Amino acid sequence: MKLPQGRGYLAIPGPSVMPDRVLTAMHRPAPNIYQGDLVKLFESMLPDLCAVARTEHNVATYIANGHGMWEAALMNTLSRGDRVVCLTTGMFGGGWAAVARRLGLIVDEIDFGRNDTIDPEQLIYHLRTDTDRKIRAVLVTHVDTATSVRNDIKAVRDAIDATGHEAALMVDCIASLGCDRFEMDAWGVDVTLAASQKGLMTPPGMGFIFFNDVADQMRETADLVTPYWDWRPRINPDKFYEYFGGTPPTHHLYGLREALTMIVHEEGIEHVWARHQRLAEAYWAAFDVWGQGGPLRMNIADGALRSHAVTALTLEAPLGTALRDWVEENTGVTLGIGLGMAPMGDPSWHGYFRVGHMGHVNAHMVLGVVGAIDAALKSLGIPHGDGAVEAATKVIAAP
Ligand SMILES: *Cc1c(COP(=O)(O)O)cnc(C)c1O
C-alpha cells in the first residue's frame, strides 16, 4: 500500500529543507533596493555570516550558486598560469580542479580516491618538491558531498606550515558550513566558500566568499578577476546598490536573515553542530545494523572521517535506485542519488545513494527516514540486519 501523502521530505544533500519561518519571511512584495529597511537588514547579516564561518575577517556575498564560488575564490586571488594544488576526495574536489584548469591555472591534483580522506604527508612531500615556490594556493573540500568524507582542515594547514611554504589555503565549505564544525580563523584558512542552500537553510542562489588579509593581498595582483566577480565592492555594504553589481537578491536576503537568526541567535552554532552530529550518529547506528545482515555499507568506513551533513551509501546495483524509488513512491521521502561513484548511465551507478541530513532537520525526521528505509529493505527483500530502528532511537534517547 502506497502511503506518500502528507508533507513530503526531500532528504537530499542540498537544497536542504527550508524552515517555514524562512519561507514566510520571503513572502512579501518587492522592497526598495536603494535605501531603507533592506539595506539595514543586509548590514545586520554580515557579522552573523562571519560568526557561522568563525572568522573576524571579510565576507563577500554574490548572486550565484556554489559553482560560482569556485570561480570567485580563484579569480580574486590568482593569475593565468599560476600553479595550485588540489586535494581531491570526491567529485566536488575534482570539479573545482577542473574549473581551475579552465581558468588557465596549472593544477597539481592529488587524488585520494572515493573512500578516503587526505594524507597530509603527500601534501608535505609535494610542497617540498616546489623549491622555487611556484605553488600559490592549496584547494581542499571540507566535506565532499559525493563521498561524504570530512577532511581535517587543520591538518592541511599544519602540513603547509611544516614546509614553511606560503601557499594560501582555500576551503570549499559549501556542504559543511552550518553543519560540521568549521573554524576559519583558528584553523588558518585564508579563503572559505559557501552557498545558501545547504546548512544555511535558504533557497539556492546566494554564494559567499570569506577571506582574510593574506587573500586580499593576493587580490592586488590577481589578473583573473572580472568586474562582476571582484570581491572589493562586496565588502562595502554602505554602497548597497554597487555591492551586488546591480539588483540585490531581495527575497533571498529576507530568508537568509531569518535563517541566521535561528542559527546564530536562537540555537547557537555550537548546538547546531552538536545536533547535526547526534542526528548523523542515529543514521549511522541504523546503517551499521542493516549492514551486519546484508549488502548496505557506508561509503566512509571510519565514522571519525564522516560528515555530519550527508552520508553516502552503497548497495549492490540496481538496489540503490530501487530503494530510493521505493521510499519516494511509498513513504514520501526523497533520498539523494549517488554522485561521482560510478558513471551516470552505467549499470553500476544504481548501486549508490545518499542521505542528506543538513540544516533544518530534527529527530523525528531522521527516525521517520530510518523507518522508511527499513520498510523498503523489507518490501524489496534486500537482506539486512534486524534492529536498526531501535539502534537509531537509542542514539536519540541518550542524554
Ligand atoms: C553543493 C556543492 C557544490 C556545488 O554547489 P552548487 O550550488 O550546486 O553549484 C560544491 N561543493 C560542494 C562541497 C557542495 O556540496
Side-chain angles (χ1 to χ4, degrees), residues 10-18 52-53 60-75 86-100 102-103 107 109 111-112 114 117-118 138-153 156 169-182 184 189 191-210 229 249 252 255-256 259 276 280 299-300 305-312 334-341 344 352-359 361:
L10 186 70
I12 71 173
S16 66
V17 174
M18 288 175 278
V52 175
T61 308
Y62 294 88
I63 300 181
N65 63 13
H67 282 70
M69 297 306 94
W70 282 346
E71 294 197 21
L74 301 171
M75 290 169 86
C86 187
L87 307 176
T88 298
T89 53
M91 200 190 84
F92 287 92
W96 197 9
V99 164
R102 285 195 60 190
L103 287 175
V107 181
E109 187 171 359
D111 193 334
F112 298 92
R114 298 189 177 101
T117 186
I118 290 159
V138 175
L139 319 185
V140 43
T141 309
H142 185 207
V143 164
D144 198 300
T145 324
T147 63
S148 70
V149 73
R150 177 165 44 85
N151 293 306
D152 183 344
I153 300 304
V156 175
L169 176 56
M170 303 194 190
V171 183
D172 173 346
C173 287
I174 295 168
S176 57
L177 197 84
C179 305
D180 285 284
R181 175 179 291 278
F182 175 74
M184 174 163 169
V189 175
V191 179
T192 300
L193 292 59
S196 51
Q197 79 274 22
K198 299 190 184 180
L200 295 177
M201 313 188 297
T202 306
M206 286 183 75
F208 311 94
I209 302 282
F210 302 87
W229 294 104
H252 278 67
L256 185 62
H276 279 81
N299 184 50
I300 301 297
L305 302 178
R306 266 184 232 132
S307 167
H308 301 150
V310 51
T311 306
T334 303
L335 301 174
I337 60 171
L339 272 185
M341 303 300 293
M344 254 191 217
Y352 300 93
F353 69 102
R354 292 174 301 158
V355 180
H357 31 94
M358 51 175 57
V361 182

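Remember, it's 1-based here, ligands and their atoms both numbered in the order they're listed. This structure is a prediction, so every number in the text was calculated from the model and none was measured. Values below: every heavy atom of this structure, side chains too, minus hydrogens, waters and symmetry copies.
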- Please work out which of the three classes, parallel, tilted or perpendicular, describes the rings of Trp96 and Trp70, given edges at 30° and 60°. parallel
Donor-acceptor contacts, no H, no angles, side chain residues 197-210, under 3.5 Å, sequence neighbours left out:
unit_1 : atom_1 : unit_2 : atom_2 : d
Thr202 : OG1    : Leu200 : O      : 2.8

- Query: Less than 4.5 Å apart, any side-chain heavy atom of Leu177 and any of Phe182?
  - Reply: yes
- From Asp172 CG over to His142 NE2, what is the distance, rounded to the nearest 0.5 angstrom? 10.5 Å
- How about Ser307 and Asp180: does a side-chain donor come under 3.5 Å of a side-chain acceptor? yes
- Query: Has the side chain of Ser148 got a donor or acceptor atom that lies under 3.5 Å from a matching backbone atom of Ala312?
  - Reply: yes
- Item | Contact residues of ligand 1 (heavy atom under 4.0 Å), by chain and number | Asn65, Gly66, His67, Trp70, Phe92, Thr141, Val143, Thr145, Asp172, Ile174, Ala175, Gln197, Lys198
